[in-house]
Number of protein chains: 2
Amino acid sequence: MAAGVTLNDVAKAAGVSIASASRAINGLDNVTEEVRERVLEAAGKLKYVPHGAARALAMSRTNTIGVILPDIYGEFFSEIIRGIDVAARASGLHILVSGSHGDVKEAVKAARAMAGRVDGLLVMAPYADADDLSGKLPFNLPLVMMGGVGGQADLPSLVVDNYSGALEAVRHLREQSCRRIAHIAGPESNLEAQDRLRGYLDGLKEADLSPQVLPGDFTDAAGYAAVQTLLAQEQMPDGLFAANDMMALGATLGLREAGVSIPDDIAIIGFDDIPVTRYASPPISTLRAGVFDIGRRSLELLSVLIERGSAEASTSAASLIVRPELVVRASSRRR
Amino acid sequence: MAAGVTLNDVAKAAGVSIASASRAINGLDNVTEEVRERVLEAAGKLKYVPHGAARALAMSRTNTIGVILPDIYGEFFSEIIRGIDVAARASGLHILVSGSHGDVKEAVKAARAMAGRVDGLLVMAPYADADDLSGKLPFNLPLVMMGGVGGQADLPSLVVDNYSGALEAVRHLREQSCRRIAHIAGPESNLEAQDRLRGYLDGLKEADLSPQVLPGDFTDAAGYAAVQTLLAQEQMPDGLFAANDMMALGATLGLREAGVSIPDDIAIIGFDDIPVTRYASPPISTLRAGVFDIGRRSLELLSVLIERGSAEASTSAASLIVRPELVVRASSRRR
DNA sequence: TTGTACGCGTTATCAG
DNA sequence: CTGATAACGCGTACAA
């Protein structure tokens with residue numbers, strides 16, 4: 001159905017065997033120049049296009065890698081995809097993406113649907129119950145986990161050191177002489193958010209400050225809502241660490257509306273360094289996790305795993321750890 | 001290679017024929033309950049996962065649609081993908097995305113690579129030389145063009161009325177009593193950008209104003225650069241229409257740095273209504289093209305084409321036209 | 001209800 | 001260099 005015209009048609013039209021046609025089209029050198037021309041001409045005339053599935057079946061090679069993310073849009077995931085895309089086209093690979101929408105079962109389902117259609121899997125599943133995953137996921141397919149928590153079933157992975165990033169964020173705020181530092185947390189079931197929360201708490205403990213944690217879900221709306229809570233308090237915090245940039249953004253929006261001055265009244269810092277942080281006013285300080293690089297390097301790692309005899313490369317299951325870098329912008333620079 | 005264990009293995013393990021195994025797994029009703037259980041148990045034990053390519057080949061059905069965009073990341077495309085994703089999961093479809101990186105040949109190449117791996121194609125190719133495409137693209141695969149210019153080879157498509165959108169933008173600025181209205185254009189080879197430029201020029205002509213067009217490429221950097229040019233002039237414009245939101249964003253950034261007041265000194269309006277426009281300061285006026293909806297509706301349209309006997313559905317090649325809606329925010333509201 | 005056998009479109013092996 | 005032909009893994013008439 002796909003292409004209608006098959007290799008068989010081309011071969012017939014060119015008056016050669018289907019085998020020769022295949023060789024000619026794939027540029028093998030064991031064909032007469034004359035045959036090649038005849039085949040190529042016939043192919044062009046008939047608008048022949050190779051059938052991907054058939055080729056994949058015969059070669060057990062798809063030149064495609066599957067990408068499973070919680071969502072496939074938005075500033076954050078978009079940057080990851082960009083990184084993957086850049087590396088993929090460098091390796092001549094295509095990408096089959098799927099969103100798990102925050103659900104482990106969805107992620108597994110997506111992975112199953114990709115079996116036989118991809119050469120490897122890139123998975124990001126920062127869910128608390130992600131252990132289920134490791135058992136059900138690898139259909140002896142090369143696999144790289146992205147940005148999950150550390151030793152997730154010791155699969156090869158690229159993880160961000162969320163804890164020390166958060167710690168650094170808090171220290172930075174303290175250096176700006178913040179004393180009452182609040183935190184807008186990520187989803188409770190999110191492992192990365194949990195680590196950031198831990199970093200925050202420990203950062204306060206270092207200086208004997210008392211914490212205030214507001215719930216959040218990584219959306220700008222959550223940041224905005226959190227700020228409303230703060231504004232209703234008797235005493236506002238003078239420092240705010242949001243578990244991600246989107247929430248920091250929503251927070252600045254709310255504060256600006258309320259006429260609170262940033263960073264003088266309250267210093268703000270986010271996490272991830274998504275592109276829009278630079279356009280906020282004031283531009284938002286953050287921790288650059290190298291979102292783009294996570295995508296790029298993950299694919300490169302996967303690419304290697306695929307090249308070397310596929311399957312169980314868990315031997316050198318090197319978990320590359322990415323240490324976030326503090327990026328200070330106007331939202332937290334006081335003086 | 002993909003899944004190692006095949007249906008054959010499962011059948012053997014369950015002590016039934018491969019046919020029965022297939023039936024049991026696919027939930028057909030013509031199998032004894034006992035056989036079904038045996039098969040399912042064996043499948044579970046062996047961690048059997050159906051081989052996508054094989055299945056696709058046998059059924060000529062992939063439950064996957066191919067998406068070809070100029071790029072697969074960034075605010076704009078991300079929103080399109082979101083629309084597609086939402087509609088796709090509603091239809092139980094997966095998506096195979098590919099970026100053409102502004103090149104027609106790349107787009108064709110991507111499309112070819114998708115043949116036999118997808119049930120239909122969603123293509124966005126706003127290139128000036130996109131005519132090549134129509135001839136080389138449809139391997140009698142259902143296809144929907146997204147947001148290209150109008151009658152692109154009369155394929156079924158979803159197009160935005162860029163011309164009237166631009167016209168409306170200019171009229172709006174005029175109503176804000178702008179007299180010197182400049183335009184930051186999109187890439188010259190971009191058909192949509194060309195239409196927006198035409199709308200701008202006609203909008204000025206209506207009021208006998210003289211145009212000033214600055215070159216751009218849809219990036220924020222271009223918007224920023226354009227502003228530098230304006231600032232160096234003797235007389236600044238008092239109105240600015242950017243061909244897309246990203247450039248408008250870059251422009252506001254540059255103007256803010258220079259201490260120019262928006263919208264008092266200069267009113268600004270963009271195009272597309274990507275999410276970040278709301279976070280800019282001031283929030284940016286724009287024309288809502290319904291980016292999300294373009295994606296969603298395109299997939300729905302494609303879905304229909306696929307359902308009804310695939311192939312030449314060009315009969316009712318209804319090109320749905322989306323009329324952009326003016327969204328006035330602080331960046332252009334004067335009084 | 002079950003099993004056999006063929007076809008899907010390509011690649012790859014092995015004689016000619 | 002070329003041409004049959006056997007895989008690849010699965011669905012499905014067809015026959016039993």
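In what follows, chains carry the letters A, B, and so on, assigned in the order in which the sequence lines appear, proteins first and then strands, with residues in each chain numbered from 1.
When the nearest nucleotides of DNA chain C are assigned to Ala19(A) and Ala58(B) by heavy-atom distance, the more 5′-ward of the two goes with Ala58(B). Residue Thr32(A) is the one, among Leu57(B) and Thr32(A), whose nearest nucleotide of DNA chain D lies closer to the 5' end (criterion: closest heavy atom).
In this structure, the CD atom of Glu34(A) is 13 Å from the C1' atom of dT2(D), given to the nearest Å. When the P atom of dC14(C) is taken as reference, atom CG of Asn30(A) falls 15 Å away, rounded to whole Å. Between the CG atom of Asn8(B) and the P atom of dA5(C) there is a distance of 14 Å, given to the nearest Å. Across the protein-nucleic acid pair, Met59(A) atom CE and dA6(D) atom P stand 22 Å apart, rounded to whole Å. One can place CG of Asp29(B) at 7 Å from P of dT1(C), the figure rounded to the nearest angstrom. Counting to the nearest Å, the C1' atom of dG3(C) and the CZ atom of Arg23(B) are 7 Å from each other. Rounded to whole angstrom, the span from the CZ atom of Arg36(A) across to the C1' atom of dC1(D) amounts to 12 Å. For the pair His51(B) NE2 and dC8(C) C1', the interatomic distance rounds to 14 Å; values are reported in whole Å.
When distances are taken from the side chain of Ile18(A) to each of dT10(C), dG9(D), dT4(C), the shortest belongs to dT10(C). Taking only side-chain atoms of Ala54(B), from C-beta outward, the nucleotide of dT2(C), dG9(D), dT2(D) with the closest atom is dG9(D). Comparing atom distances between the Leu7(B) side chain and each of dG3(C), dT2(C), dC10(D) picks out dC10(D) as nearest.
In terms of polar N and O atoms assigned as donor or acceptor, the side chain of Arg61(B) never comes within less than 3.5 Å of the base of dG11(D) in a complementary pairing.
Side-chain N/O atoms of His94(B) and Asp119(B) include no donor and acceptor closer than 3.5 Å. With hydrogens and angles left out, the side-chain atoms of Arg36(B) and Ser20(B) include no donor and acceptor closer than 3.5 Å.
Applying the 4.0 Å criterion to OP1 and OP2 of dG3(C), one finds that Ser17(B) has a side-chain N or O inside that range. For the pair Arg55(B) and dG9(D), the criterion of a side-chain N or O lying under 4.0 Å from OP1 or OP2 is not met. Contact check, Asn26(B) against dG11(D): a side-chain N or O comes under 4.0 Å of OP1 or OP2. Close to dC10(D), at under 4.0 Å from its OP1 or OP2, lies no side-chain N or O of Ser22(B).
Among the heavy atoms of the strands, none lies under 4.0 Å from Asp9(A).
Here the closest non-hydrogen pair linking Ile25(A) and Tyr48(A) is CD1-CE2, 3.5 Å.
Of the options Leu122(A), Val123(A), Ile81(A), Val97(A), a side-chain contact (heavy atoms from CB on, under 4.5 Å) to Leu69(A) is made by Ile81(A) and by none of the others.
Taking the charged nitrogens against the carboxylate oxygens, Asp293(B) and Arg296(B) do have a contact shorter than 4.0 Å, which makes a salt bridge.
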